[in-house]
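Below, each value reflects all heavy atoms present in this structure, side chains not excepted, and no hydrogens, waters or symmetry copies.
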Amino acid sequence: SPPHFSLELLQTERAYVTRLHLLDQVFCARLTEEAGKGMFPVEVVKGIFSNVGSIYTFHSQFLLPDLETRMSQWASTPRIGDILAQLAPFLRMYAEYVKNFDSAMDLLKQWTERSAQFNTIIQDIQSQEVCGNLTLQHHMLEPVQRVPRYEMLLKDYLKKLPEDDPDCSQAKKSLNIISMAATHSNMAIRKMENLKKLMEIYEMLGGEEDIVNPSNELIKEGQILKLAARNTSSMERYLFLFNNMLLYCVPKFSLVGQRFTVRTRVCVEGMKVLETSNEDYPHTFQVSGKERTLELQASSEQDKEDWIKVSVLFRGNLHLRHFPYLCSCVFQKEELGKRAPRWIRDNEVTMCMKCKEPFNPLTRRRHHCRACGYVVCYKCSDYKASLRYDGNKLNKVCKDCYFILTGRADAEEPVSGKKRGILEIEAAQVSGNSFLCGFLQYSTDRTKPCQRVWCVIPQHDALVLYLYGAPQDVKAQCTIPLLGYQVEDVQRSVDHPPTSFRLCQSKSVHCFTADTEEVKLRWLKVIHKAVIGEMPECQTLSKQDVRVEQRMSVAGGGSEDETIEDR
């Protein structure tokens with residue numbers, strides 16, 4: 001008896017010819033007849049069904065009869081590769097059908113909506129038992145799926161066929177021809193599946209977003225958490241990443257499946273992806289587009305890597321890894337106001353980033369410049385300018401950005417000849433080019449409580465330790481010239497944990513405590529070199545150290561920024 005492959009090929013071919021008969025002799029014939037009465041253009045019917053008539057003729061009059069004859073003569077002729085090798089070249093006619101498939105779907109959708117008579121005929125046929133409760137679109141997909149099915153069956157047949165079998169060479173020959181035809185069909189199948197998915201998303205978004213377009217391709221979707229810019233709270237959101245845009249959505253209550261409202265549409269062109277780290281909120285990354293900057297939290301490290309990986313595949317996107325807090329959000333002048341900035345968080349600064357006055361909860365509270373993202377006081381943010389990324393609406397900006405955006409003056413030019421003091425160096429600027437930086441507990445007197453400070457040994461000034469109140473402060477609290485100091489590795493005691501060390505010179509004593517012993521050893525390695533005037537080596541913190549370094553406890557200074565929902 002014929003092998004399983006041959007029997008399955010014959011059975012599926014019979015079912016397939018029945019579907020082709022339905023397409024050509026029922027749907028196409030009925031619509032062509034009505035088109036002849038002037039109900040709608042006959043060119044529409046030809047455009048939808050393409051060369052399905054030729055495909056039906058080939059399978060019903062040649063391939064199927066030959067297969068049935070061979071199955072009945074299997075005892076004397078136990079092979080099938082010769083039939084497929086002889087007829088496989090005719091499968092190239094599928095190229096025309098597959099190439100026309102997208103256009104056929106568009107025409108079908110268009111005329112179903114435009115013509116009541118057209119729609120009535122299709123609905124009438126679809127209600128018949130022969131259609132099996134399936135739509136015309138579903139049946140039209142079968143010719144696209146058929147060639148890949150031949151390829152799959154033939155590959156399975158060859159796996160079980162001995163190399164010395166007489167049918168082997170003919171079967172391999174037919175497989176090569178069929179595989180080429182299958183490539184085109186697989187592409188059409190993916191396009192059809194993509195359009196189907198676009199329709200589903202279109203319904204999820206309430207039919208308000210124009211996304212059902214063959215040029216749009218869904219790359220990735222999924223739930224995400226949005227970290228608020230004003231604080232570290234998180235909000236549930238949903239992302240749809242396409243080949244040309246990112247839709248940032250808010251879930252809506254619905255009794256009929258998932259529904260979303262699009263909050264922001266970010267163009268993929270020019271979009272930047274920034275990998276971040278956060279102890280309280282792991283698996284974070286930042287997406288920066290011209291329209292919006294979003295700080296997001298994935299459900300897992302793998303999910304984060306997946307989002308970053310697919311995001312950087314399009315239009316040369318920029319993927320950066322950075323140590324948190326070291327990113328100075330200085331915009332190039334030509335980019336200012338055109339791209340939404342990343343907001344510096346309230347707890348990343350202790351002073352106004354413009355006038356350098358310290359914040360306090362009552363008289364000097366925090367505000368954000370909508371152009372550069374800096375945290376500034378009320379005096380330095382008492383300006384408004386139109387921002388292109390926000391539709392040229394007036395937004396609160398700092399003094400420097402106001403002058404740049406309005407063209408009234410160059411904010412970088414000094415007002416007077418006054419030079420910057422040694423402490424007036426931005427923490428983010430020196431941290432990005434440092435031998436070592438991070439948080440340490442600091443005190444000059446063991447009787448006084450320790451203060452958590454951001455410490456930096458910059459590469460341009462390797463013999464000086466800079467102490468800042470926070471990682472984005474624009475002015476250091478103090479500096480310690482390390483040359484000549486004695487370094488004491490404090491042993492475990494009641495007064496000092498094992499992660500403590502001291503810098504001593506005459507009557508000057510500076511006490512430090514690291515979060516872990518490993519972090520302490522890194523600091524000691526650098527400082528031991530600096531105190532004797534030698535150039536230290538750059539120290540790279542491990543991932544665990546990085547997470548520890550991020551624990552911030554900056555106090556004071558409330559915020560008076562007006563509420564911007566989901567900023």
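At a cut-off of 3.5 Å, with distance as the only test, no side-chain donor of Y374 or D400 sits close to an acceptor on the other residue. Counted by atom type alone, Y442 and H510 present one or more donor-acceptor pairs between their side chains at under 3.5 Å. Looking at E301 and H283, their side chains do bring a donor and an acceptor atom within 3.5 Å of each other.
Using modelled atom types, one side-chain atom of N395 and one backbone atom of K393 make a donor-acceptor pair closer than 3.5 Å. Judged purely by atom type and a 3.5 angstrom limit, T499 uses its side chain to pair as donor or acceptor with the backbone of A514. Listed for the N216 side chain is a donor-acceptor partner under 3.5 Å among the backbone atoms of I211. Side-chain N or O atoms of E426 include none that pairs as donor or acceptor with a backbone N or O of Q472 at under 3.5 Å. A distance-only check finds a donor-acceptor pair linking the side chain of R366 to the backbone of V349 [under 3.5 Å].
Only one option out of Q441, R452, K520 pairs with D515 in a side-chain hydrogen bond (donor to acceptor under 3.5 Å, both in side chains); it is R452.
Sorted by first and then second residue, the salt bridge (charged side-chain N to carboxylate O under 4.0 Å, His left out) pairs with a member in residues 526-536 read K529-E534; sequence neighbours excluded.
Nearest heavy-atom pair, Q459 versus F435, reported as atom, atom and distance to 0.1 Å: CA-CE1, 3.4 Å. Heavy atoms only, all atoms of each residue included: D489 and F501 are closest at CA-CB, 4.4 Å. Nearest approach of T284 to L227, heavy atoms of both residues: CG2-CD1, 3.8 Å. In terms of heavy-atom proximity, V474 sits nearest to C352 at CG2-O, 3.6 Å. Closest approach of A427 and A470 over heavy atoms only: CB-O, 3.9 Å. Of all heavy-atom pairs spanning A298 and D303, the tightest one is CB-OD2, 3.6 Å.
The pair K197-E221 meets the salt-bridge criterion, since a charged nitrogen lies less than 4.0 angstrom from a carboxylate oxygen.
A 4.5 Å side-chain heavy-atom check between W523 and I457 finds at least one atom pair inside the cut-off. The shortest distance between side-chain heavy atoms of Y402 and K384 does not fall below 4.5 Å. Here the side chains of C401 and Y383 are not in contact, with every heavy-atom distance at 4.5 Å or above. M245 has its side chain out of reach of V266: every pair of non-hydrogen atoms, C-beta onward, lies at least 4.5 Å apart. Put simply, the side chain of L246 does not reach to within 4.5 Å of the side chain of T264, judged on heavy atoms. The shortest distance between side-chain heavy atoms of W454 and D473 does not fall below 4.5 Å. The closest side-chain heavy-atom distance from R339 to K272 is below 4.5 Å. Counting heavy atoms from C-beta on, the side chains of E488 and C504 come closer than 4.5 Å.
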Run the side chain to side chain contact (heavy atoms under 4.5 Å, CB included) check on F242 and L247 step by step: do they pass? CA-CA 8 Å; F242 298 90; L247 297 184; 3.7 Å; yes
Report the C-alpha distance between F260 and V250 in whole Å, list the side-chain angles of each, state the deciding distance to 0.1 Å, and finish with yes or no for side chain to side chain contact (heavy atoms under 4.5 Å, CB included). CA-CA 5 Å; F260 304 97; V250 179; over 6 Å; no
Let me see the working for V453 and Q477 under side chain to side chain contact (heavy atoms under 4.5 Å, CB included), right down to the final yes or no. CA-CA 9 Å; V453 294; Q477 293 182 352; 3.9 Å; yes
Side chain to side chain contact (heavy atoms under 4.5 Å, CB included) between C355 and R364, intermediate numbers included: CA-CA 11 Å; C355 71; R364 195 175 296 276; 4.1 Å; yes
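The distance from the SG atom of C372 to the CG atom of L405 is 9.5 Å, given to the nearest 0.5 Å. In this structure, CE on M353 lies 13.5 Å from OG on S381, to the nearest 0.5 angstrom. In this structure, N433 CG and D461 CG are separated by 13.0 Å, a value rounded to the nearest 0.5 Å. Rounded to the nearest 0.5 Å, atoms CZ (F285) and CH2 (W307) are 6.5 Å apart. Taking OH from Y485 and OG from S506, the interatomic distance works out to 9.0 Å, rounded to the nearest 0.5 Å. From R237, atom CZ reaches atom CZ of R263 across 6.0 Å, with rounding to the nearest 0.5 Å.
F240 and Y238 have tilted rings, their planes meeting at an angle from 30° to 60° on a 0 to 90° scale.
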